[in-house]
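Worksheet: the structure to be examined is printed underneath.
Scope of the values below: all heavy atoms of this structure, side chains included, with no hydrogens, waters or symmetry mates.
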Amino acid sequence: MSHHGDGRTLAIVGATGAVGRVMRELVTERDLPVDEVRLVASSRSAGTTLEVGGAPVVVRDVAEEDVFDGVDVALFSAGGGVSKEHAPRAVAAGAKVVDNSSAFRLADDVPLVVTEVNPDALESLRTSGGIVANPNCTTMTAMLPLKALHDRFGLVGYTATSYQAAGGAGQPGIDELVAQTEALVGDPEGLRDDGGALRAKAPQPDVHTDVLAFNAVPLLGPADAEGYTEEERKLVNESRKILGLPQLAVAPTCVRVPVVVGHAIAVRAVLVDEVPSLAETISAIEGFPGVVVEEAPTPLAYAGRDEVAVGRIRMDLVDDHAVNFWVVGDNLRKGAALNTVQIAEELIRRGIA
């Protein structure tokens, strides 16, 4: 751990979870300017010992009265309930909170930030509030190329079909996929001839809305009165807020696929300007921070990588104001832990935390 942090203390809340684990690694890898990393979790994980930068740290209970005393930045990734209850406590103790749940994303006084896209939104924390929200992992992945296109051509709206990993539902989502895969992999004939019977025999879904192994599930949680899921609503509302485009026209469909980590999204972006050429489209996307362009990136290849990868970039066949592309990103890294840590870095760099 670095010792150039001016006595700064960073807390990771939800330190034992899938995202928390990545946060612990990133804090060390990126050499954050902090002197102490405090690990915090719910009471059932408190007391366990985890490593940060090779040193053992005992996990503390989030409900402890003084757990946030002296904390400058608190990274929350323990679910919306924990954030709603405990983030205000951290702010009251003087910390800036970077929250990875959906609890505060759409609150008017809470900036919703992707560091490469709208870091100046953090300035509001100098004067009021103390919470900054991390977007949903699907929204995040799409934001980088969409912002690149918006800066160059102006963005009117986009259609997005997601291919979301089991890991988007945390470790339980991964465990469920693995258990179902192990149960079904030995019966290729059954998968071919009577999927329904096999589906009934598989370990039944508890996390995902249907059996995910060898399948694609077009419903991530319950649908609302208009038939849209919360995940789809997040794409609409969060995109508008991050890009500062309240009228942005978004047509979302979110699908869960049997991938462990890494969300992918097929996007058709509609632009204000006529798109001059494929080459200009590619250069706009390629030049954007945090993005790499390759022909056909896959979630598997980008699991464990920081960059968001864009491929299959094509001019639209019908509308000369539209372009099509495919984008993938590790939903635990850039989709969650990395952006949270980058926000912390930005708060420290700007002298806000």
Just verifying a value: how many Å separate Asp99 CG and Phe76 CZ, rounded to the nearest 0.5 Å?
7.0 Å

Nearest heavy-atom pair of Ile12 and Met23: which atoms, and what distance?
CG2-SD, 3.9 Å

Using salt bridge (Lys or Arg N to Asp or Glu O under 4.0 Å), reason through Arg333 and Glu307 one step at a time and then give a plain yes or no.
CA-CA 9 Å; Arg333 285 182 89 86; Glu307 310 91 344; over 6 Å; no

Could you pull out the closest heavy-atom pair between Ala148 and Ile285, with the gap in Å?
CB-CA, 4.0 Å

Please determine whether a side-chain nitrogen of the Lys or Arg among Glu230 and Arg233 lies less than 4.0 Å from a carboxylate oxygen of the Asp or Glu.
no

Between atom CZ of Arg256 and atom NE2 of His208, what is the distance when rounded to the nearest 0.5 Å?
5.5 Å

Just to verify, which of Asp175, Ile174, Thr181 counts as forming a side-chain contact (heavy atoms from CB on, under 4.5 Å) with Leu177?
Thr181

Ion pair present between Arg350 and Glu123, side-chain N to carboxylate O less than 4.0 angstrom?
yes

So among Ile265, Ile282, Val293, Ile313, which one has a side-chain contact (heavy atoms from CB on, under 4.5 Å) with Phe325?
Ile313

With no hydrogens and no angle check, just 3.5 Å: does a side-chain donor-acceptor pair link Gln180 and Gln204?
no

Is the shortest side-chain N to carboxylate O distance from Glu64 to Arg38 below 4.0 Å?
no

Check Asp273 with Arg152, please: is the shortest side-chain N to carboxylate O separation under 4.0 Å?
no

Salt bridge between Lys96 and Asp72, side-chain N to carboxylate O under 4.0 Å?
no

Measure across Gly14 and Ala78 and return the closest heavy-atom pair with its distance rounded to 0.1 Å.
CA-CB, 3.8 Å

Provide the closest heavy-atom pair for Glu238 versus Asn136 in the form atom of the first, atom of the second, distance.
OE1-N, 2.7 Å

Is the shortest side-chain N to carboxylate O distance from Asp316 to Arg268 below 4.0 Å?
yes

Per the side-chain contact (heavy atoms from CB on, under 4.5 Å) rule, which among Asn237, Val113, Val114 passes with Ile242?
Val114

Side chains of Thr229 and Glu231, donor plus acceptor under 3.5 Å:
no

Between Glu232 and Lys234, is there a salt bridge with N-O shorter than 4.0 Å?
no

Indicate the atoms forming the closest heavy-atom contact of Arg314 with Arg312, along with that distance.
NE-O, 2.8 Å

Please report the shortest heavy-atom distance between Met140 and Gly335, naming the atom on each side.
CE-O, 3.7 Å

Quick one: do Arg21 and Glu51 make a salt bridge, cutoff under 4.0 Å?
no

Below 4.0 angstrom, N of the basic side chain to O of the carboxylate: do Asp66 and Arg60 qualify?
yes

Just wondering, are more than 12 heavy atoms of other shown residues or ligands nearer than 6.0 Å to CG in Leu278?
yes

May I ask you to decide whether Glu25 forms a salt bridge with Arg30, counting only side-chain N to carboxylate O separations under 4.0 Å?
no

